[in-house]
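Side chains are part of it too, since the values below use all heavy atoms of this structure and drop only hydrogens, waters and symmetry mates. Along the sequence shown, residues carry numbers from 1.
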Amino acid sequence: MTTQTTRNTIMRLAVASACSWIAVAHAQQATPPAPAADAQPVAQTDTPAPSGTEPEAKVENVVTVSGSRIAARGFSQPTPTTVLSAEDLAKNAKPNLFNAIAELPALQGSTGRTTSTNSTSSGIQGLSSLSLRGLGPIRTLTLLDGQRVVGANVTGVTDVSQFPQLLVKRVDVVTGGASASYGSDAIGGVVNFITDKKFEGFKANVEGGQTTYHDDKNGTLQAAWGKAFLDNRLHVTASAEYGREKGIDSPGFGEVGPNGRSWYKNPAYQVRPLSATNDGKPQYTVIEHAQQYQYAKYGLITNGPLQGTAFGVNGQPYKFNYGSGGVPTGTGAVTGCVNPFCVGGDLSGSVGAGTNLAMDLTRQVAYTRVGFDINPDHEIYFTANFGKVKSAFTPNPGAAKNANLTVQCDNPYLPASIAAACAANNITSFQYGTANGQFPESINVHPTREMRRLVLGADGNFAALGRDWRYDAYVERGINFTDIIVHDMTLNNRYTAAIDAVRLADGSIACRSLTARAAGCVPMNIIGNVPVSDATWAYVAPEYGPQQHTRQQQDVGSFNISGEAFDSWAGPVAVATGAEWRRESYRVSGDPYGNGATGDTPYNVNYPADPLLNSTVGNNWYAGNYHNASGTYNVKEAYLELNVPVLKSATWGEANVNLADRHTKYSTSGHVESWKLGASWKTGIDGLRLRAVTSKDVRAPNLSELYAAAVVVNNIVQYQGNTVTIQQRTVGNTRLRPEIARNNIFGIVMDRPSWAPGFSASLDYFDIKVDGVISSLTAQQEVDLCVAGNQEICGAMSLNNTVSTNNYVTVQAFNLASLRSKGYDVEGSYRMNLKDWNLPGRFTVRALVTRNISFLTDPGVVGTIPSEGAGNNLGNTPRWKGLASQSWDTDKYSLTLTERWISSGKYSNEFIECQTNCPVSTVIHPTIYNNHMKGAFYVDLGGSWKFSDKATAFFKVDNIGNVDPAAAPQTNLSYGINPALYDVVGRVYRVGMRYNF
């Protein structure tokens, strides 16, 4: 019998066994067995004890940990799991639990309200999603009480902000592959939020704060209630939460940080042409005070004999002050500058800083759980979760036009001196760039996510085959509505028509285009700082701007059984098995101007037909993708997990082997298998345990990758030595296959030895390789891969048509790339009772550190090489990331000092650093003058005072030193920071009160 056949047989037996156990359970309900003494699972951490819990006595408990489905006496799972208790989370005093969890070293690449603030339609703005190992939120499975939660966008990523946070009693962070236990997406690991299902009483939390710059003012109100009825058979819990973080507004134009932040200095890369790098000088130089010389705040002539003429108040012309002592050449270049940047000069029109550092975010969450004990062994329950998260932010001020406008010399808004200069130089038009600083409003984006999630389930114990078993089953329906509303964004074609003005015979000014004029075009003056009239603004940036509305639905049915099948000489052999069915679907619709006018998005009174706009493919807005799409897939899976004790010796200790196998069938990509093989050895050496696990993990393509909204634009590619004009069609790819990962972890644990009962430590090495990574390519990359012989990609294009307009390239995601991440985690804690030193209270030290040895990405594209991301501080994976805390706790007081650390790194590991005698730069290995990016070290301080039996006051100061973020240059002007790694907000003060009874 083949290995594959054996695995299939095991899975069929697992499912059959689950069905038979259900029947046995029903048959025995009339005479239920007495519950085992250890029937209720005791939560334990598989790594050092968290600072908020007492060291547990070493007794054989039934253990439930999120890295495994097994619940068995004495079971120590091989997959590392870090636990944050409710007390740990309370000490962090964050308005959103996401921020506390994202500080863990293993969490790298998480998104929040300080990331993607320069995006208009990505769908991840304001989304609090967790990422392990820098593999991205799509490869980290986030659960609520071990159950899946409907995604908050089309990638399937959940929004932690929608969770009921006050009822969370602990968070398990599984830092290893867990697909065999939990299914798709658990390549990087699992983050499981565990709620207090039997909470009784009332508790509330009120807190508020702001930064040292008097912005980002925030307030949180939380309350939870629980009570048992009917002789403790009916348990009801409920919570409600409201939180507002007002964000840090855009400072607008110029080289200025918001509200007194002085660290912003317009950082950027100055990049010389490759052809010029044979002079021994580097191609890249990191500069400050970068001036993009292709536009000015209110307009700049960028080519021809009038190049260098800028316009100010009331359109008055003046000589533009170029940085670097630059002088315009009349050909579009500027002496002493490297396209597109000079250094210094007039920076008033810079748009780089004009992005919100942090979004304005509002959370409204309600949650309830009602559980009824049918008898002491069986409970049915119902949970309802409502979560609404609203964000607001500005991605950029104005709407910069980088020397890509043409202004006619007969434009009536031009000063007479410029019209005369046109005539003197025999020109009829000139090239023009502007930041559009005269716009009355900046683009502002308002994403709203609203989740409605219902779960109906049952859990309990039953006896079968002479043994005691536990089961849980649930059905879930979750729906997330995401609405992205954008205001004050211009329509490209209307803007182009409005700025091309002429004077009519009656002396009035109108749009030049007769078609535009007939459709209501109102002319606009972009020559200098001249106020824009309400009528003009309503035409170019209509009241009803871009919109994107998404409905995402998740339906789940799951059944799981676990227990100890029999006793061997080394201990109980435990088993967990179950099956799950899941369906994911979504539908997104845009507005007629963004999507194009279709039956689903027709023109209407808010979006009337306009002959200037493209009604077929849309794409009429200044920025963003607002197209319609829909898709669905379903999943059927079953799994079996075993824990087999293999050693029990007074001399050699105890050891167990943990095995799991899961078979999954996707309606889109077919069958895939995931498995796990691990072992844990509690050695004969006091407190010393060894663990190892290897697993095959999977991530199936998500709805966005399978069914991405179609976008059509014109483009050109190089093919067989010719430049070919194509129609570029960007769509999803329903032929995608699951990503396949191989996880290997080896660890050593010292767990509270008798010679140091308050000490725990662990060291775990990890090696994760992901093949068939789903990644998108450019049209040219697809053409190159086809030429190189990739027949799958050749099927996505047609380039030899006799009618050139029939040539196209379908831009899709493909399973071409690969990832490999290697490193190790170190975790340690020590707790002592200070009464031994004649001092009050307890003292706890805890530290967690992740070392990234390598994070290698191979795009799988012709002409590229694998790139190393470890230590690339413009990305998500620094060489070192650490978190340490020291806490002093008494019955009345607590004081906690926390340190967060990110090691220094490079802008890119592919750069060659040199100042002189540099090699000729290449696309793969460019040369750079300085390739060093600073790290960061932050210190936080928090404390509490229990001033009555029921009330506790607390405070927290984050980033006491007000450490500035390191500059993060780009090839274009941006806010020049990396919020995925660095604290970009600055020092934050928070105070509050907790009430319990």
Side-chain angles (χ1 to χ4, degrees), residues 292-322 326-335 337 339-340 346 348-349 398-439 490-533 535-537 539-540 612 622:
Q292 197 150 11
Y293 64 71
Q294 295 176 333
Y295 62 82
K297 185 174 183 179
Y298 301 114
L300 174 68
I301 299 176
T302 58
N303 206 337
L306 306 183
Q307 182 184 356
T309 302
F311 299 89
V313 177
N314 296 323
Q316 290 301 308
Y318 66 93
K319 184 178 180 181
F320 186 66
N321 177 21
Y322 289 98
V327 176
T329 64
T331 61
V334 179
T335 62
C337 303
N339 188 20
D346 183 353
S348 63
K401 302 290 185 178
N402 296 337
N404 56 359
L405 300 176
T406 299
V407 175
Q408 302 297 325
C409 287
D410 64 351
N411 188 306
Y413 294 124
L414 283 175
S417 60
I418 299 301
C422 284
N425 287 280
N426 198 29
I427 59 173
T428 58
S429 65
F430 50 80
Q431 197 170 349
Y432 194 73
T434 178
N436 281 305
Q438 79 280 7
F439 279 3
T490 57
L491 288 161
N492 289 325
N493 288 355
R494 285 191 183 180
Y495 174 89
T496 301
I499 66 171
D500 187 16
V502 294
R503 190 176 297 277
L504 302 180
D506 62 1
S508 63
I509 299 175
C511 302
R512 185 184 304 272
S513 166
L514 295 178
T515 301
R517 203 184 304 171
C521 180
V522 182
M524 183 166 68
N525 182 2
I526 60 168
I527 309 300
N529 184 12
V530 179
V532 178
S533 70
T536 300
W537 187 242
Y539 174 72
V540 298
L612 265 65
Y622 172 75

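Considering only residues two or more places apart in sequence or on other chains, Leu504 meets the side chain to side chain contact (heavy atoms under 4.5 Å, CB included) condition with Val502, Asp506, Ser508, Ala510, Arg517. Contacts of Tyr539 classified as ring pair (Phe, Tyr, Trp, His ring centres under 6.0 Å), with partners at least two apart in sequence or in another chain: none. Residues that satisfy the ring pair (Phe, Tyr, Trp, His ring centres under 6.0 Å) test with Phe439, not counting sequence neighbours, are Trp537. Applying the side-chain hydrogen bond (donor to acceptor under 3.5 Å, both in side chains) test to Ser348 and every residue at least two apart in sequence or in another chain returns Asp346. Here Gln431 pairs with Thr302, Asn303, Ala403 under the side chain to side chain contact (heavy atoms under 4.5 Å, CB included) rule; sequence neighbours left out. In terms of the side-chain hydrogen bond (donor to acceptor under 3.5 Å, both in side chains) criterion, Tyr622 has no residue partners (sequence neighbours excluded). The side chain to side chain contact (heavy atoms under 4.5 Å, CB included) check on Asn402 picks up Gln292, Gln294, Tyr295, Ala400, with sequence neighbours excluded. Every salt bridge (charged side-chain N to carboxylate O under 4.0 Å, His left out) that Asp500 has, sequence neighbours left out, goes to Arg512. Contacts of Gln307 classified as side-chain hydrogen bond (donor to acceptor under 3.5 Å, both in side chains), with partners at least two apart in sequence or in another chain: none.
A pairwise comparison of heavy atoms in Ser513 and Ala516 identifies OG-N, 3.0 Å as the closest pair. Considering every non-hydrogen atom in both Leu612 and Ala497, the closest pair reads CD2-CB, 3.5 Å. When all heavy atoms of Gly315 and Val530 are compared, the closest pair comes out as N-CG2, 4.0 Å. Heavy atoms only, all atoms of each residue included: Tyr293 and Cys337 are closest at CE2-CB, 3.8 Å. Closest non-hydrogen pair, Val522 versus Ala498, comes out as O-CB, 3.3 Å.
With rounding to the nearest 0.5 Å, the separation of CZ in Arg494 from CE in Met524 is 12.5 Å. The CG atom of Asn436 sits 12.0 Å away from the NZ atom of Lys297 when rounded to the nearest 0.5 Å. Here the OG1-OH distance, from Thr309 to Tyr318, works out to 10.5 Å after rounding to the nearest 0.5 Å. The SG atom of Cys409 sits 7.0 Å away from the CG atom of Leu306 when rounded to the nearest 0.5 Å. In this structure, Thr434 OG1 and Phe311 CZ are separated by 10.5 Å, a value rounded to the nearest 0.5 Å.
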Could you pull out all donor-acceptor pairs under 3.5 Å where a side-chain atom in residues 411-430 meets a protein atom, sequence neighbours excluded?
| from | atom 1 | to | atom 2 | distance (Å) |
| --- | --- | --- | --- | --- |
| Asn411 | OD1 | Tyr413 | N | 2.9 |
| Asn411 | ND2 | Ile499 | O | 3.1 |
| Asn425 | ND2 | Ala421 | O | 2.8 |

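Pairs of residues two or more places apart, or lying in two chains, that qualify as side chain to side chain donor-acceptor pair (under 3.5 Å) and include a residue from residues 518-533 are Ser533-Thr536.
Taking the side chain as every heavy atom from C-beta outward, Leu405 and Ile526 approach each other to under 4.5 Å. Contact check for Tyr322 versus Thr335: no side-chain heavy atoms found under the 4.5 Å cut-off.
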